[in-house]
Amino acid sequence: MVRFVKIGVLALQGDFAEHCSVLRKLGVQAVEVRLPQQLEELDGLIIPGGESTTIGKLAESYRLIEPLRQFGSQKAIWGTCAGAILMSKDIHRQQPLLHLMDIIVARNAFGRQVDSFEVDLDVPVLKQIDPLNQPYHAVFIRAPLIEEVSGNAQVIATLSDGRIVAAQQGRLLATSFHPELTSDDRFHRYFLHLAR
């Protein structure tokens with residue numbers, strides 16, 4: 001018997017609707033998460049891009065910080081852009097963080113909104129779900145940079161100059177870019193692979 005995957009998307013602020021849309025196109029039950037009890041029975045969770053300070057403060061207000069940490073210690077979580085910031089252990093400033101991944105992140109490392117860009121990335125781990133492993137076209141909007149990876153975290157994608165834009169630590173995933181804003185669903189499928 002095939003068990004269906006149920007993925008939550010933290011829906012406090014940011015582009016959660018876009019992630020839900022991609023998941024539903026993949027035939028996955030997507031659940032908008034705003035309260036701790038909504039984490040129950042999920043196989044994984046996506047923390048979307050948006051404004052990391054706002055998402056963190058709202059997560060504190062809704063008493064989600066500790067439940068999210070507990071969830072991440074047992075199940076798959078993927079943070080995109082602002083979500084990657086929240087997943088990190090340090091960002092060189094005070095704001096609510098989950099401290100789930102052994103990564104240090106710099107907020108808005110590539111500049112303001114007008115400095116947003118798109119680039120093709122080599123992402124070898126995507127070969128697990130796509131044997132052709134074509135370059136991944138990534139969209140960066142006021143993107144953070146993963147400055148340092150330590151402990152059990154591993155670099156899974158860099159820009160051509162070596163700057164880190166994606167990392168993985170077991171079933172935890174952090175990307176500086178926005179896979180939900182492209183038609184390429186390989187990162188979502190890779191996350192589903194981790195969540196199973």
Side-chain angles (χ1 to χ4, degrees), residues 7 9-11 13-26 28 30 44-53 55 76-88 91 98 100-150 153-195:
I7 302 293
V9 181
L10 192 63
Q13 189 268 341
D15 53 356
F16 57 88
E18 290 83 352
H19 279 289
C20 287
S21 177
V22 175
L23 291 169
R24 290 180 182 126
K25 285 178 186 170
L26 291 170
V28 173
L45 178 75
I46 297 172
I47 303 175
E51 213 300 305
S52 66
T53 305
I55 295 171
I77 298 184
W78 173 22
T80 64
C81 196
I85 293 168
L86 289 165
M87 300 279 286
S88 71
I91 60 163
L98 297 176
L100 287 169
M101 292 184 72
D102 295 326
I103 59 175
I104 297 175
V105 175
R107 290 169 36 114
N108 302 328
F110 297 98
R112 303 167 64 94
Q113 190 93 13
V114 295
D115 300 311
S116 300
F117 65 99
E118 299 180 21
V119 67
D120 287 342
L121 301 173
D122 179 36
V123 188
V125 297
L126 294 182
K127 197 174 212 173
Q128 294 177 44
I129 51 99
D130 177 18
L132 296 177
N133 195 28
Q134 299 293 318
Y136 187 86
H137 190 75
V139 176
F140 292 79
I141 302 171
R142 286 183 54 216
L145 177 68
I146 301 171
E147 292 184 320
E148 184 181 315
V149 170
S150 63
Q154 297 179 327
V155 175
I156 61 169
T158 64
L159 296 176
S160 60
D161 62 8
R163 289 183 290 175
I164 305 165
V165 293
Q168 182 177 338
Q169 184 172 326
R171 298 192 325 163
L172 304 175
L173 188 61
T175 55
S176 296
F177 46 92
H178 289 269
E180 74 283 4
L181 298 181
T182 73
S183 59
D184 189 339
D185 63 11
R186 285 180 293 161
F187 256 99
H188 284 82
R189 287 189 286 138
Y190 181 67
F191 179 68
L192 293 176
H193 166 75
L194 296 178

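- Ile55 and Gly50 get closest at one heavy-atom pair: CD1-CA, 4.3 Å.
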- List the steps, then state whether side chain to side chain contact (heavy atoms under 4.5 Å, CB included) holds for Leu23 with Ile46. CA-CA 10 Å; Leu23 291 169; Ile46 297 172; 4.0 Å; yes
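- One finds the CZ atom of Phe16 at 12.0 Å from the CD atom of Glu180 (value rounded to the nearest 0.5 Å).
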- Show your working on side chain to side chain contact (heavy atoms under 4.5 Å, CB included) between Val165 and Phe140 and close with a plain yes or no. CA-CA 10 Å; Val165 293; Phe140 292 79; 3.6 Å; yes
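- To the nearest 0.5 Å, atoms CG (Leu194) and CG (Leu172) are separated by 9.0 Å.
- When all heavy atoms of Thr175 and Ala84 are compared, the pair lying nearest together is O-CB, 3.6 Å.
- Taking CG of Leu181 as the reference point, atom NE2 of His137 lies at 11.0 Å (rounded to 0.5 Å).
- The neighbour count for Gln128 CD, taken as heavy atoms of other residues, nucleotides or ligands under 6.0 Å away, is above 12.
- Side-chain atoms of Thr80 come within 3.5 Å of backbone atoms of Gly49 as a donor-acceptor pair (strictly under, hydrogens ignored).
- In terms of heavy atoms, Ala143 sits closest to Cys81 at CA-SG, 4.2 Å.
- Ring pair Phe177/Phe187 is perpendicular by interplanar angle, where above 60° counts as perpendicular and below 30° as parallel.
- Separation of atoms CD1 (Ile7) and SG (Cys20) is listed at 10.5 Å; rounding is to 0.5 Å.
- Of all the heavy atoms in Tyr136 and Arg186, the pair that sits closest is CA-NH2, 3.5 Å.
- With hydrogens and angles ignored, the 3.5 Å screen pairs a side-chain donor or acceptor of Gln13 with a backbone N or O of Glu51.
- In this model, a donor atom of one side chain and an acceptor atom of the other lie less than 3.5 Å apart for Thr53 and Arg107.
- Side-chain atoms of Gln169 never come within 3.5 Å of backbone atoms of Arg171 as a donor-acceptor pair (strictly under, hydrogens ignored).
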- Residues His19, Phe191; criterion side chain to side chain contact (heavy atoms under 4.5 Å, CB included); working and verdict: CA-CA 12 Å; His19 279 289; Phe191 179 68; over 6 Å; no
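- Taking NE2 of His178 as the reference point, atom CG of Asp15 lies at 5.5 Å (rounded to 0.5 Å).
- Heavy-atom minimum distance, Ile146 versus Ala174: CD1-O, 4.0 Å.
- Taking each heavy atom of Asn133 and Lys127 in turn, the nearest pair found is OD1-N, 3.9 Å.
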- Leu159/Leu121 under side chain to side chain contact (heavy atoms under 4.5 Å, CB included): CA gap, chis, key distance, verdict: CA-CA 7 Å; Leu159 296 176; Leu121 301 173; 3.8 Å; yes
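- Within the model, atoms CD1 of Ile91 and CD1 of Ile103 stand 11.0 Å from one another, a figure rounded to the nearest 0.5 Å.
- Atom CZ of Arg189 has more than 12 neighbouring heavy atoms from other residues, nucleotides or ligands inside a 6.0 Å radius.
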